[in-house]
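Comments concern the structure below.
Every number for a ligand or one of its atoms is a count from 1 in the order of the listing.
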Amino acid sequence: MMKIAVVIPALNEAENIGDLVSETRQYADLVIVVDNGSTDQTADNATSFGAHVIKENRQGYGFACKAGYDYANFKDFDIIITMDGDYSSLPSEIGRLLEPIKNGSADLVLGSRTLGTIQKDAMPPHQRFGNWLTSKIINLIFGVQITDLGPFRAITAELYRELDMQEMTFGWPTEMQVKALAMGAKVVEVPASWHNRRAGVSKVSGTIKGSILAGFYILRSTFRYRAYRSKK
Ligand SMILES: Nc1nc2c(ncn2[C@@H]2O[C@H](COP(=O)(O)OP(=O)(O)OP(=O)(O)O)[C@@H](O)[C@H]2O)c(=O)[nH]1
Ligand SMILES: [Mg+2]
């Protein structure tokens with residue numbers, strides 16, 4: 001039996017996190033919410049709905065992810081899933097991400113919104129373009145056919161340990177998939193749906209600053225890690 005942890009990085013997601021945690025617990029052995037300096041009730045709500053809450057006060061999506069992944073790895077979980085804290089991905093689709101790892105065909109499974117469905121207005125045009133462009137560049141570098149850079153994904157703890165993650169802000173997801181491809185790990189995409197955040201305010205794609213920073217770190221990570229080799 002593989003032990004499954006879900007890591008949810010959350011910055012001021014108090015209105016979403018309770019329902020999200022309780023639904024996600026149906027599909028995982030542990031839900032880890034990394035409270036990334038929230039000023040609302042995110043941590044309390046996550047705890048009362050049964051999550052293990054970690055505080056990571058250095059702000060940045062990558063810092064939050066790393067704190068959660070390292071805890072899951074330390075606690076000997078076999079598979080680590082990430083999901084945003086705003087209900088933009090559906091816990092009921094976790095099974096789809098797990099399947100290719102369980103049957104041995106993948107070490108990293110990416111939920112592709114391009115192959116799945118995107119709710120109206122859930123992804124602004126600049127984000128679609130950025131994902132398309134970066135996917136094209138990655139495909140040219142590695143000769144693969146990826147279609148997205150989504151945050152909803154599953155990785156084996158074994159591969160995670162080999163990645164030696166460095167990007168502590170918006171570059172985290174791109175670093176993960178570029179390094180995995182550079183190492184020759186088994187990377188598979190499955191269709192995933194994408195929804196408007198259920199409540200609360202946007203911190204990335206709905207803001208100009210967030211979008212520019214995200215675009216910069218995503219592109220930089222693509223080139224920076226293209227020749228990565230694991231030291232482990
Ligand atoms: N930007 C940002 N997001 C963080 C951070 N830490 C955790 N998060 C979480 O990362 C996820 C993605 O942020 P969102 O604000 O939903 O970004 P987005 O999906 O581009 O924008 P929306 O259209 O509002 O959904 C959410 O679960 C945030 O709560 C952080 O330091 N910065
Ligand atoms: Mg979101």
Between OG1 on residue Thr156 and CD1 on residue Ile80, distance to nearest 0.5 Å: 8.0 Å
Gap between atom CD of Glu162 and atom NZ of Lys179 - 0.5 Å precision: 11.5 Å
Ligand 1 contact on Asp84 by region, counting heavy-atom pairs under 4.0 Å: both
Per-residue contact class, Arg197 against ligand 1 - non-hydrogen pairs under 4.0 Å: side chain
Contact with ligand 1 for Ser88, non-hydrogen, under 4.0 angstrom: no
Gly60 near ligand 1 by a heavy-atom separation under 4.0 Å: yes
Is there at least one pair of N or O atoms, one from [X] and one from ligand 1, spaced under 3.5 Å apart?
{"X": "Leu11", "result": "yes"}
{"X": "Ala10", "result": "no"}
{"X": "Asp86", "result": "yes"}
{"X": "Glu13", "result": "yes"}

Applying the 4.5 Å side-chain criterion to the ILVMFWY set and letting contacts propagate, would [X] and [Y] be lumped into a single cluster?
{"X": "Leu110", "Y": "Tyr228", "result": "yes"}
{"X": "Ile4", "Y": "Tyr27", "result": "yes"}
{"X": "Ile212", "Y": "Leu133", "result": "no"}

What residue and heavy atom of the protein are closest to [atom], and at what distance?
{"atom": "atom 21 (O) of ligand 1", "result": "Ser202 OG, 2.9 Å"}
{"atom": "atom 10 (O) of ligand 1", "result": "Tyr61 CD1, 3.4 Å"}
{"atom": "atom 27 (O) of ligand 1", "result": "Gly85 N, 2.6 Å"}
{"atom": "atom 9 (C) of ligand 1", "result": "Pro9 O, 3.3 Å"}
{"atom": "atom 1 (N) of ligand 1", "result": "Val204 CG2, 3.2 Å"}
{"atom": "atom 18 (P) of ligand 1", "result": "Ser205 OG, 3.6 Å"}
{"atom": "atom 30 (C) of ligand 1", "result": "Asn36 OD1, 3.4 Å"}

N, O or S from Asp84 under 2.8 Å to the Mg ion (ligand 2): no
Glu175 (side chain) donor-acceptor with Tyr225 (main chain) under 3.5 angstrom: no
Electrostatic pair Glu56-Lys66, nearest N-O below 4.0 angstrom: no
Tyr87/Glu23 under side chain to side chain donor-acceptor pair (under 3.5 Å): CA gap, chis, key distance, verdict: CA-CA 10 Å; Tyr87 246 115; Glu23 195 187 337; 2.5 Å; yes
Heavy-atom pair of closest approach, residues Gln127 and Arg113: NE2-NH1, 4.3 Å
Atom name of the N, O or S atom in Asp86 that lies nearest to the Mg ion (ligand 2): OD2
Mutual orientation of the aromatic rings belonging to Trp172 and Tyr69 [parallel < 30°, tilted 30-60°, perpendicular > 60°]: perpendicular
